[in-house]
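Data first, discussion second: the structure below is written as structure tokens.
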Amino acid sequence: MAEKEVLSYPGLDKVAGEEFLQEAFQIMLEEGVRKGMDVSEKVCDWKEPEELEQILDLHLKDTGETKTRLLERCRDIIRYSVKTCHPRFFNQLFSGLDPHALAGRMITEMLNTSQYTYEIAPVFVLMEEVVLKKLRELIGWKEGDGTFCPGGSISNMYAMNVARYHCFPDCKQKGNWALPKLAAFTSYECHYSIQKGAAFLGIGTDNIYLVAVDEKGKMIPEDLEKQISRAKSEKAFPFFVNATCGTTVLGAFDPLHAIADVCARHKIWLHVDAAWGGSALISQRHRHLLDGIERADSVAWNPHKMLMTGLQCSAFLLRDSSGLLQRCHCAKATYLFQNDKFYNMDYDRGDQTIQCGRKIDCFKLWLMWKANGTGGLEERVDRAFAFTRYLTDEIKKRKGFQLVVEPEFINLCFWYVPPGLQGQEGCTDYYARLGKVAPIIKERMMKKGSMMVSYQPHGNRVNFFRQVVTNPAVTREDLDFFLDEIEQLGKDL
Ligand SMILES: Cc1ncc(COP(=O)(O)O)c(C=O)c1O
């Protein structure tokens, strides 16, 4: 067909497209949702990378494939992927599947718009503000600002950037030349994104002063005070303190009031990384863990973790309502934020972020919240705490299981001491041998497909398991299975 003639017809077969979507959705429901949540199915059909490459035939070719082949591929992709919605997936700080949140994710994928201007995302611009306001209210702020970010790591980097700009607004134009040597403070237990943020923003990881923690993993405010004095004596300018609510491994909550007192005395920006623990704010019973969070200047909170919205949903929230976020990041591109638009441009919020195109992250949370109400979400949070309490009690009863710390949150950290090692604590190679147990059990569970849980060495502690349950589809039977399976997989070690 001649070029001109080609243009007379659509370049896409809409009917075939719709048929494909219908069948792909069916596969998604059957293979991903139904089987994914079915306890009798594997969490993961493990294959070594070479074998998986062979099975999937991933290479991209010159010609397209038939619908039947493509649907077969969709099935395979789901089949060989890890089912994070499976009731025995305990590996990450996110898990489970909320049908409303999933519908929200699918609708935003279908609409394929960007959050930056009212003209392209009228509904979501209004919705994002409502959701952020609700999160701020739970923190205890009547006013403020914020944005959804692609993950908690980025939210933490925003915090550092805004704090730096707040102290040295010139640095936006003049860069690091306008700055003294900056010093940031965080505990030894903080998430690695604080170090990454310091590297990314040109602050430098050497200028992160690590504050000591107590035996539970909580920052010691007296040591924060000491580190600030040390930084000052080293001619550095203390500009940023990060406190963590829900540390990644131990689930510790830093004492916010005492830390806020130190920050107030030294006039330092207080950021709270509540990426993991923030959702406890929804529970009347557990929100005391974050007492003092209202004194923070900024907060990172990931509803995609404990609240189960699905990746990604991370809010960066600010107490400031003077437009600091906008001033810090705006570039005023006239091709997007024209100043002669026909509507109120206050609704074009995109210039307050470092992104241009930005995915819609508020809708999955909004729809899930509408479906469950705050009360329903609170029940989920309380249920997660109850899971951890149950498992903690069981671990104390069972031979061979040993807690690393008494859980304050829903991180259950423990060693499994197999029969071959029990009673040998005095042997010189005891800890070296104990450290090998978790990786072997993990390999066995993955290859069997029975469950997934993470492990790590931590400070001077050898490898231990960190189990987390956020998925309300989990029942006590799954938790009993979890402990039985560890015993079963490790009984010959
Ligand atoms: C305490 C804490 N902060 C930040 C993050 C980073 O969040 P994200 O994975 O969304 O970047 C995590 C992730 O586990 C975390 O545990």
Side-chain angles (χ1 to χ4, degrees), residues 82 84 89-96 101 105 135 139 146-161 184-201 208 210-211 213 216-219 240-256 259 270-281 289-290 293 296 298-317 353-355 358-359 361-362 364-365 384 388 405 407-413 452-456 458 466-470:
V82 171
T84 62
F89 174 83
F90 308 110
N91 205 64
Q92 250 66 41
L93 300 183
F94 61 87
S95 65
R105 299 208 293 278
L135 298 179
I139 288 173
T147 182
F148 277 96
C149 295
S153 300
I154 307 293
S155 295
N156 287 339
M157 290 184 202
Y158 265 86
M160 269 193 199
N161 199 39
F185 303 83
T186 188
S187 87
Y188 276 95
E189 295 288 322
C190 76
H191 188 254
Y192 66 42
S193 53
I194 302 298
Q195 272 85 357
K196 288 194 181 213
F200 188 69
L201 295 169
I208 300 276
L210 290 176
V211 181
V213 293
K216 286 185 164 168
K218 293 166 176 286
M219 183 189 280
F240 180 81
V241 169
N242 171 65
T244 311
C245 281
T247 57
T248 311
V249 178
L250 300 180
F253 287 72
D254 287 343
L256 297 181
I259 294 170
L270 173 58
H271 172 65
V272 175
D273 174 2
W276 175 218
S279 298
L281 285 168
L289 288 168
L290 298 106
I293 194 167
S298 57
V299 171
W301 177 353
N302 280 13
H304 74 229
K305 295 190 192 291
M306 198 175 183
L307 289 187
M308 242 174 54
T309 59
L311 290 160
Q312 289 188 352
C313 189
S314 171
F316 172 60
L317 302 154
T353 79
I354 52 168
Q355 292 176 265
R358 186 160 63 92
K359 278 186 91 103
D361 286 329
C362 58
K364 51 197 164 219
L365 177 55
T388 310
V405 282
E408 181 177 25
F409 191 34
I410 62 166
N411 303 41
L412 184 75
C413 298
M452 279 179 73
V453 63
S454 77
Y455 73 85
Q456 64 283 295
H458 191 60
R466 182 206 61 184
Q467 197 262 15
V468 170
V469 196
T470 51

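Model, not experiment: these values are computed from the prediction. When a ligand or atom number is given, it counts from 1 through the structure's own listing order.
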Open item on the list: When you compare the side chain of Ile354 with that of Tyr158, does any pair of heavy atoms fall below 4.5 Å?
Closed with: yes

TODO: State, to 0.1 Å, how close Met160 and Ile194 come at their nearest heavy-atom pair, and which atoms those are.
DONE: CE-O, 3.2 Å

Task: Asp273 side chain to Asn242 side chain, donor-acceptor N/O pair below 3.5 angstrom - done: no

TODO: Kindly indicate whether the side chain of Trp276, heavy atoms from C-beta on, has any atom under 4.5 Å from the side chain of Val468.
DONE: yes

Task: Spacing of Phe409 atom CZ and Leu250 atom CG [to the nearest 0.5 Å] - done: 13.0 Å

Open item on the list: Under 3.5 Å, is there a donor on one side chain and an acceptor on the other for Ser155 and Ser314?
Closed with: yes

Between ligand 1 and the protein, tabulate every N or O atom pair separated by less than 3.5 Å, reporting distance only.
from, atom 1, to, atom 2, distance (Å)
ligand 1, 3 (N), Asp273, OD1, 3.1
ligand 1, 3 (N), Asp273, OD2, 2.6
ligand 1, 7 (O), Gly152, N, 3.4
ligand 1, 7 (O), Asn302, ND2, 3.4
ligand 1, 10 (O), Gly152, N, 2.7
ligand 1, 10 (O), Asn302, ND2, 2.9
ligand 1, 10 (O), His304, NE2, 3.4
ligand 1, 11 (O), Gly152, N, 3.2
ligand 1, 11 (O), Ser153, N, 2.9
ligand 1, 11 (O), Ser153, OG, 2.9
ligand 1, 14 (O), Lys305, NZ, 3.0
ligand 1, 16 (O), Thr248, OG1, 2.9

